[in-house]
There are 4 protein chains.
Amino acid sequence: METNKNTFIQEARKQQIIEATIRTLGDIGYVKASLAQIAKRASISTALISYHFADRQDLIEQCLQALIDQSATYILTKTYTVDEPASQLANFIEASIAYQATHPKENVALLEIVFNARTVNDVPFYKLPDDGEDPLLKALCNILNKGKEQGKFYVTSVNVMAKVIQGAIGEYMLIGGPFSIDAEQYSEEVTKIIWTAMKVEGTNNA
Amino acid sequence: METNKNTFIQEARKQQIIEATIRTLGDIGYVKASLAQIAKRASISTALISYHFADRQDLIEQCLQALIDQSATYILTKTYTVDEPASQLANFIEASIAYQATHPKENVALLEIVFNARTVNDVPFYKLPDDGEDPLLKALCNILNKGKEQGKFYVTSVNVMAKVIQGAIGEYMLIGGPFSIDAEQYSEEVTKIIWTAMKVEGTNNA
Amino acid sequence: METNKNTFIQEARKQQIIEATIRTLGDIGYVKASLAQIAKRASISTALISYHFADRQDLIEQCLQALIDQSATYILTKTYTVDEPASQLANFIEASIAYQATHPKENVALLEIVFNARTVNDVPFYKLPDDGEDPLLKALCNILNKGKEQGKFYVTSVNVMAKVIQGAIGEYMLIGGPFSIDAEQYSEEVTKIIWTAMKVEGTNNA
Amino acid sequence: METNKNTFIQEARKQQIIEATIRTLGDIGYVKASLAQIAKRASISTALISYHFADRQDLIEQCLQALIDQSATYILTKTYTVDEPASQLANFIEASIAYQATHPKENVALLEIVFNARTVNDVPFYKLPDDGEDPLLKALCNILNKGKEQGKFYVTSVNVMAKVIQGAIGEYMLIGGPFSIDAEQYSEEVTKIIWTAMKVEGTNNA
DNA sequence: CATGAATGAGCTTTCATTCAT
DNA sequence: AATGAATGAAAGCTCATTCAT
């Protein structure tokens with residue numbers, strides 16, 4: 001009971017700090033997101049961050065994990081409300097883009113971490129081999145493979161097609177300026193393009 | 001004369017510093033790329049960097065411009081060796097991916113800047129409206145439009161298709177781990193996918 | 001009764017904390033011996049240390065007193081197993097050096113405190129006037145005086161001779177490297193030297 | 001020329017910082033002698049200390065070396081103004097104690113460092129094997145050996161006798177309170193004691 | 001009696017930048 | 001044109017201590 005309560009408080013604080021970290025990353029970016037800035041936004045002392053997290057690296061990594069979990073849950077939940085591969089793919093694309101539109105802060109924070117953080121050996125996170133651990137990539141490949149097996153998708157390399165889809169999704173947030181397009185419309189068009197690209201027979205073997 | 005000579009020396013120094021900055025960004029990333037680290041790689045004093053560039057921000061921006069110019073020249077030169085839109089598109093994709101493979105350091109530096117640097121108002125570079133100034137995007141759209149006019153590409157929204165292509169290209173560098181694929185093969189597959197997506201009639205009006 | 005019991009527990013805790021402090025001082029030295037490090041070795045929280053001791057200074061001083069008491073008891077007990085001044089002196093020297101050899105941790109802790117701690121006015125402990133309170137120095141002087149009265153020691157200044165003896169004893173722990181010598185042998189030689197120095201007639205008046 | 005001038009300025013600054021470090025160690029002790037406190041006494045910024053010394057450890061070590069060099073020079077110069085071992089010994093003792101009396105600040109600083117600083121592996125400096133590198137100990141042993149060879153000193157173990165002498169010297173600074181004695185008188189008495197201890201025949205072989 | 005949570009003060013170190021030379 | 005010297009500001013982190021529970 002006591003322990004649970006303590007753990008609860010501790011967990012709540014950690015969540016609060018992670019939330020403040022996300023907010024800070026969105027506000028001023030990775031480089032300026034010092035512990036002092038994060039603490040200010042959480043209305044706590046910097047020492048308290050050090051109390052709950054081993055060091056800055058630890059905070060960033062736990063923050064990253066939280067962001068990955070959140071977005072993956074959001075997207076995969078929406079993806080698997082249907083059974084058919086083509087529909088799943090459409091849902092996947094739509095949910096991925098919708099997440100960016102509805103969670104801009106979280107999305108920016110994710111980007112900031114992935115493209116700024118490095119391991120102790122100076123290997124950037126975005127260059128780290130992912131060893132099939134990205135749940136979204138795995139889900140996407142599964143959908144494509146199933147569609148291919150069922151004769152519904154004609155695709156030479158599932159891996160490349162998955163990358164094309166991921167690239168199209170990731171590009172959405174970089175759209176700005178004169179050519180702006182709403183999430184729904186962008187999703188529809190991308191889905192149409194990908195469907196079309198997999199509709200033609202005769203491209204189903206490497 | 002004197003002035004020209006001085007300007008020439010000055011320009012050479014600036015190029016040297018920019019080159020060292022690129023190297024530094026590739027080696028240790030944006031966060032650790034302090035003026036001291038850049039100066040060390042250029043074998044000069046940090047004060048000299050401050051002398052040639054207004055401030056750190058200025059250096060980064062000039063470095064970014066140089067990287068953009070270099071890659072655009074590389075890619076567009078290869079793109080326009082042919083006339084036909086379909087071939088130009090293939091060349092564009094191939095050259096874009098080849099640039100990443102042959103200029104890893106420049107490419108990483110580009111990424112590091114775009115995803116880390118911010119304006120004085122803390123607006124990230126990657127969120128900056130580009131106002132049609134990206135020469136690569138402009139070229140890509142021109143090719144797609146020409147193909148569409150010539151009745152060779154069937155594409156609803158040129159803008160979205162351009163983003164899909166850019167996304168697919170940009171994704172190449174993030175490939176690592178168990179699924180690795182060489183640049184040539186990846187280019188071919190992407191080209192085939194995009195061609196296929198634009199081959200089907202009845203999708204040619206916005 | 002209640003109070004006695006509480007006092008007993010409290011006393012036991014204080015002893016435990018002091019013991020952990022000694023261990024910590026020996027392990028990592030005065031500078032790094034933070035309350036956190038001491039608490040870790042005592043398997044308690046740092047707050048508990050603050051509860052039992054007024055502040056860090058208080059803990060250090062009580063620790064020092066414990067160390068002084070312990071060593072004085074050890075040495076003086078062995079010293080007074082005999083009656084004759086010359087034997088008492090030999091015992092004193094031997095016990096003093098034996099204490100260092102058999103209680104290295106306590107000895108290092110003593111050193112660390114004496115040479116690091118300072119009063120609130122920044123007066124180092126080792127510079128503090130001792131006001132004849134050092135029981136070992138007092139005992140040593142008594143032995144020398146008694147021997148002198150009995151016509152067995154010829155010594156001009158008892159105070160200086162006492163310092164010489166203390167110096168020789170204190171030096172033992174600083175012996176390291178190529179010239180290492182065991183405690184027993186060192187004791188014997190020092191005793192012989194001191195005896196010899198006091199054996200010669202004609203040096204018995206200040 | 002330029003280089004020499006620069007080196008000169010740099011060396012002067014380093015000396016100034018080391019001097020301020022010595023002063024700080026005397027004033028407030030090793031524990032509180034932060035770079036900020038040292039900088040304050042040198043009327044410079046803490047960053048300038050970091051500019052001239054690799055880190056705190058480096059500063060402390062260079063300070064220690066300076067102190068050792070200074071005291072050794074002082075003592076050995078006075079020691080070797082005479083030829084005869086007995087006189088050299090008397091000079092050595094007198095100079096050693098005189099140094100403490102005339103350079104109290106330097107002497108305290110030396111103590112503070114030796115008894116507080118530790119290597120990265122937490123080995124205290126005072127426990128470090130000295131491998132015959134202490135110039136004072138070496139000189140002392142040489143004098144004793146020469147006297148022994150010349151039949152002037154009767155001493156079983158030169159090493160132990162050297163330690164006894166060093167102990168007696170080192171003890172001087174710890175004298176305080178009711179029993180205070182001036183340096184000259186203390187030197188004379190110690191010298192007499194040591195001479196007496198080595199005057200008796202029959203103790204010249206281990 | 002004992003602890004976890006929390007803080008303000010201080011630490012060492014690095015930063016971008018300035019300035020005299 | 002180029003540098004060494006210097007600094008204020010800020011970084012991440014640890015400290016001893018307090019307090020509610």
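Owing to the predicted nature of the structure, the values given are computational and were not obtained by experimental measurement. Chain identifiers are assigned alphabetically (A, B, ...) following the order of the sequence lines, protein sequences preceding nucleic acid strands; residue numbering begins at 1 within each chain.
Taking 4.0 Å as the cut-off between side-chain N and carboxylate O, D:Lys105 and D:Asp27 do not count as a salt-bridged pair.
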Using Watson-Crick or G-U wobble pairs with both distances under 3.5 Å, give me DNA chain E in dot-bracket, 5' to 3', with [ ] for crossers and | for pairs to another strand. .||||||||||||||||||||
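The interatomic distance linking B:Lys14 (NZ) with F:dA1 (C1') rounds to 15 Å, in whole Å. Per the geometry, CD1 belonging to C:Ile60 stands 9 Å off P belonging to F:dA16, to the nearest Å. Computed from coordinates, the B:Ile38 CD1 to E:dT14 P distance equals 17 Å when rounded to whole Å. Here the P atom of nucleotide E:dT18 and the CZ atom of B:Phe53 are 15 Å apart, to the nearest Å. Straight-line distance from the CD1 atom of D:Ile28 to the C1' atom of E:dC11: 13 Å, rounded to whole Å. For the pair A:Ile49 CD1 and E:dA6 P, the interatomic distance rounds to 12 Å; values are reported in whole Å. Regarding A:Lys40, its NZ atom lies at a distance of 18 Å from the C1' atom of E:dT7, rounded to whole Å.
The shortest non-hydrogen separation linking B:Val123 to B:Lys127 is CG1-CB, 4.5 Å. In plain terms, the two heavy atoms of A:Cys63 and A:Thr21 that are nearest each other are SG-CG2, 3.9 Å.
Residue C:Ile44 is classed as a sugar-phosphate contact, given heavy-atom separations below 4.0 Å to backbone atoms only.
Using modelled atom types and a 3.5 Å distance limit, the side chains of A:Gln16 and A:Arg13 yield a donor-acceptor pair. For the residue pair A:Glu19/A:Gln15, the side-chain donor-acceptor check at 3.5 Å is not satisfied.
Each of A:Asp55 and D:Ser43 has a nearest nucleotide on DNA chain F; the 5'-most of these lies closest to D:Ser43. Mapping D:Leu48 and A:Ser50 onto DNA chain F by nearest heavy atom places D:Leu48 at the nucleotide closer to the 5' end.
The backbone N or O of C:Leu25 lies less than 3.5 Å from no partner atom in the side chain of C:Gln37, so there is not a single donor-acceptor pair. One N or O on the side chain of D:Glu112 and one on the backbone of D:Tyr30 form a donor-acceptor pair closer than 3.5 Å.
Phosphate proximity of E:dA5 to A:Tyr51: present, with a side-chain N or O under 4.0 Å from OP1 or OP2. Here D:Arg13 does not reach the OP1 or OP2 of F:dG4: none of its side-chain N or O atoms lies under 4.0 Å away. A close approach under 4.0 Å does not occur between any side-chain nitrogen or oxygen of A:Gln10 and OP1 or OP2 of E:dG4. The phosphate of E:dG4 (OP1 or OP2) has no side-chain N or O of A:His52 nearer than 4.0 angstrom.
In this structure the side chain of B:Phe125 reaches within 4.5 angstrom of the side chain of B:Thr119, judged on heavy atoms.
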Could you go through nucleotides 9-11 of chain F and list every protein N or O atom that sits under 3.5 Å from one of its N or O atoms, giving the distance for each pair?
unit_1 : atom_1 : unit_2  : atom_2 : d
F:dA11 : OP1    : A:Ser34 : OG     : 2.8

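Of the options D:Ile44, D:Ile22, D:Leu35, a side chain to side chain contact (heavy atoms under 4.5 Å, CB included) to D:Ile17 is made by D:Ile44 and by none of the others.
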